[in-house]
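Read the structure below first, then the notes.
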Amino acid sequence: MIEKFNFKVIEKKWQHKWSESDSFVAKKDLSKKKFYILEMFPYPSGKIHMGHVRNYTLGDVIARYKRGKGFNVLHPMGWDAFGMPAENAAMQNNIHPAEWTYENIETMRSQLKLMGLSIDWSREFATCDQDYYHHQQKLFKKLYENDIVYKKKSYVNWDPVDNTVLANEQVIDGKGWRSGADVEQRELSQWFFKIKDYAEELLSDLDILDKWPEKVKLMQKNWIGKSEGCHLCFEIFDSNKDKTNQQLDIFTTRPDTIFGASFCAISPMHPLAKKISETNESVTNFINTQSSSAVNEESIARTEKEGLKTDLFVEHPLKKDTFLPIYIANFILMDYGTGAIYGVPAHDQRDFEFAKKYDLEILQVIKNKNMDEELTEAFTGEGELINSDFLNGMSVEEAKKCIISKLEELKLGKKEINYRLRDWGISRQRYWGCPIPIIYREDGEIVTVPDNELPITLPDDVDFSKPGNPLERHPTWKYTTCSETGLKAIRETDTLDTFVDSSWYFMKYCSDDIKMSNFKNEDLDYWMSVDQYVGGVEHAILHLLYSRFFSKALKSSGIGNISEPFNGLFTQGMVCHETYKTKKGEWVFPSDIKEKDNIFFHRETNEEIIKGPSESMSKSKKNVIDPEAIISMYGADTARWFMLSDSPPGRDINWSESGVRGSWKFINKVWTIINENKNLFETKIETTEIKSKKYNEIKKITHKILKDVTNNIESFQMNVAVAKIYELTNFISTFRPENNNDKDALKESIEILVRILEPMIPHLAEECWSIIGGNDLLCKQPWPIFDAQYIQDDMIQIVIQVNGKKKAVLEIENDSEQDKIIEKLKNIESIQVVKDLSKVKKIIFVKNKILNIVI
RNA sequence: GCGGCUAUGGUGGAAUUGGUAGACACGCUGGUUUUAGGUACCAGUGAGGCAACUCAUGGGGGUUCGAGUCCCUCUAGCCGCACCA
């Protein structure tokens, strides 16, 4: 009787061996091909969760596989350690954010180490390390010097109770997520990165990223939101139709509809609206009612169109003596285009609704053949221009071209491209972030802090008992002097958005000596770009777009030469689990449930529990399984194997107890096979030339599966690779060698099995490798290459169809020709047709695959 | 509202990319071993039929010698964006 696999002892043993032999420490070596595999680094929230287990297992399979393939692999790990949860913990539990963060890192590092990941821990860092943010401050300065950073006033979500800015995601139904207070729109002076300047490059370079999911590229494309149109400049007239010497700029993508324009509208935030409000109380009131309530975006989109007519007009540029009234309207966004439009009610649904409400002219200028007389909604389709002077009869496309050149000729407008993408606001009124290396001098100058005064470090003595930014109200921290002029100065008390931290961390890993703050281009030149990035799809836009921008921005500032940081991207699915609730609707942890005859009860209270649908694991629904508990019960290999089985990595996986037990069963099956066959490896086996059928069979299956598993790993089909390995394992476990040749083949088969298991379940594989007498560490062994001669068989199966329906399967020599097969078919009862070939219309023959007789 | 993805047994999912549908696993049924089984092993398991066979990849249509795979259309579910001029 073979004992169960003792993972508790064996997993520790190999983790120790890998670590002491520096097996996964990466060294720059220009003579070797590199492979940079990276998973999105974790936020140190407390403990690792199953999502991390899935993410890092997937990455580790790739890392270990690529090492086997002979690549110089970089597989690092670090911590996305700045951010709000640390400050919230500070407020709630009176613990310093640094202490909270570093404690969590300790815990999570030790948890990750239990998983046996092949990570180069020598390159580990946290973004809240002084060294890291020191370097980030230098990068900020570089971007500042290269005119990629600027400061401007902008509207932000302001929580009046917590005295802080909130991100859009933190505003729930118009209220602050923590305080519950009504969120205000407040104008603040904020730092921005000029990501908009890179919009075109960010868009067009998506085409190079052929190893990215189409879905993510499309999301980024939509987010960038390029649209081509026309910029127009109107003269503004007063109520007496006299020139005011002011102008109104508008942007439109439909210049072709210009003859249908019946009004203009500007945003309540538009400078012109503000100017009018100075002397007009009703305008002031209107603007105030529009700017106060920030509700969620969907309901904003459904809000009824409202407007206020001003006393101003613009003259239609092509229809003399036609004046369009200017409205201030709630549906015009200030931060898209110019914050002003001309309204063409017949061909834009919003303008249509607005015109109906305020009784404005609806003039149709595009007509489609089969159209009703009266428009009941805006017509946005293709058609022919009418009521449009010189544009009449043209298609939409033709009219666009024609009108733009006409407007350009008249110097009234010009072709323009607009992007939905907005500049990236990076100021946060927070303590736990990277200080911005800027001082405001008493003479009004804004200057960067000189390099020899960096890093600007966060003060330790901070007070979280009051809401707001502790840096702002710190007694001394912000007061300083300018070393160049001796003038008094005040530090910038805003810190950088944490997305800045994660926009270049993958470059920092490339530093040979991670503790040095030097950032060498030659290191980047060797290791960058990341060959394979793995993470959740929830970062499809922000993190991935910001990182792409940052690489480009650094490149144009002379740092690195990377235009795309991530060559390959894989977005893995989520880990789900059934949910459980009491009848009162309180969530219950799965670990507190017991089951009897398909009815669920609370383990302690015996209360009946209702089982709900499987949803992605979340603390709030309590449908979480603690990875550490699983690892201590079944071991890391079982957890890893389960994560790779069944579900394709890109889709959601459902965590199940029976699935984990199945994985544990498999681990032991391999363990049993190795122990039962270990004597095979003790002596050399003499072989002979004559090979049995059995021998050919095991050779064929082994090499076929080796080939398949290799392809499956390359194409991220880990679940299929797992299935193939099951097949091989099942075959080996029932294989009974009859002679020395068979034994020799079995040995090879077992060796291959052990080698291809290593990326997935490395502890077991290493232990097996040592049992069968393999040299050195298994993780340093090359990946085996399948031998094509064993895969090719003399006899193959060919499918016989009649009219496309399968009638028989014929075993025949490889590469047999059609005639030979037809001959053979004459002996088969169920296929009568071949006896009289005159009735056969056609024969479709695909060599070694199929023969289809059409009658 | 706009854009996208997905749909295969009781379940998760395979299918060499247009060529034997259901690999592999879970579950279930029966059997053997065991003091016991939430163990191990063996056999069976898409549906219908005694059978030869027939029907089956969300529904309907099409292209093709041949369709889970390609095209059209409908339905359902999921995801992203959201007054973007």
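Just so you know, these numbers come straight off a predicted model, no measurement behind them.
- In this structure, a donor-acceptor pair under 3.5 Å is present between the side chains of A:H231 and A:D249.
- Looking at A:K305, its side chain comes within 3.5 Å of the base of B:C83 through a donor and an acceptor atom.
- If you check every strand for non-hydrogen atoms under 4.0 Å, A:K806 touches a base.
- Separating the C1' atom of B:U54 from that of B:C50 is a span of 15 Å, rounded to the nearest Å.
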Subject >> Under the 3.5 Å Watson-Crick or G-U criterion, the dot-bracket string of RNA chain B, with | for inter-strand pairs >> reply: (((((((..(((......[....)))((((((.......))))))(((....)))..(((((..]....))))))))))))....
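- Note on A:N730: only backbone sugar-phosphate atoms sit closer than 4.0 angstrom, heavy atoms only; bases stay farther off.
- In this entry the base of B:U17 is syn relative to its sugar, with a glycosidic angle within 90° of 0.
- The residue A:N719 sits close only to the backbone: its heavy atoms come under 4.0 Å of sugar-phosphate atoms, none of a base.
- For B:G19 and B:G68, the C1' atoms lie 13 Å apart once the distance is rounded to whole Å.
- Residue contacts for A:K724: at a heavy-atom cut-off of 4.0 Å it reaches no nucleic acid atom on any strand shown.
- Ring-plane geometry between A:F735 and A:F731 is classed as tilted, the angle between the planes lying from 30 to 60 degrees on a 0 to 90 degree scale.
- Donor-acceptor pairing under 3.5 Å, judged by distance alone, is present between the side chain of A:R422 and the base of B:C84.
- If you check every strand for non-hydrogen atoms under 4.0 Å, A:E214 touches nothing.
- Rounded to whole Å, the distance from NZ on A:K669 to P on B:A25 is 7 Å.
- As judged by a 4.0 angstrom heavy-atom cut-off over every strand, A:Q801 is placed among the base-contacting residues.
- Using modelled atom types, one finds no donor on one side chain facing an acceptor on the other under 3.5 Å when comparing A:R651 with A:Q572.
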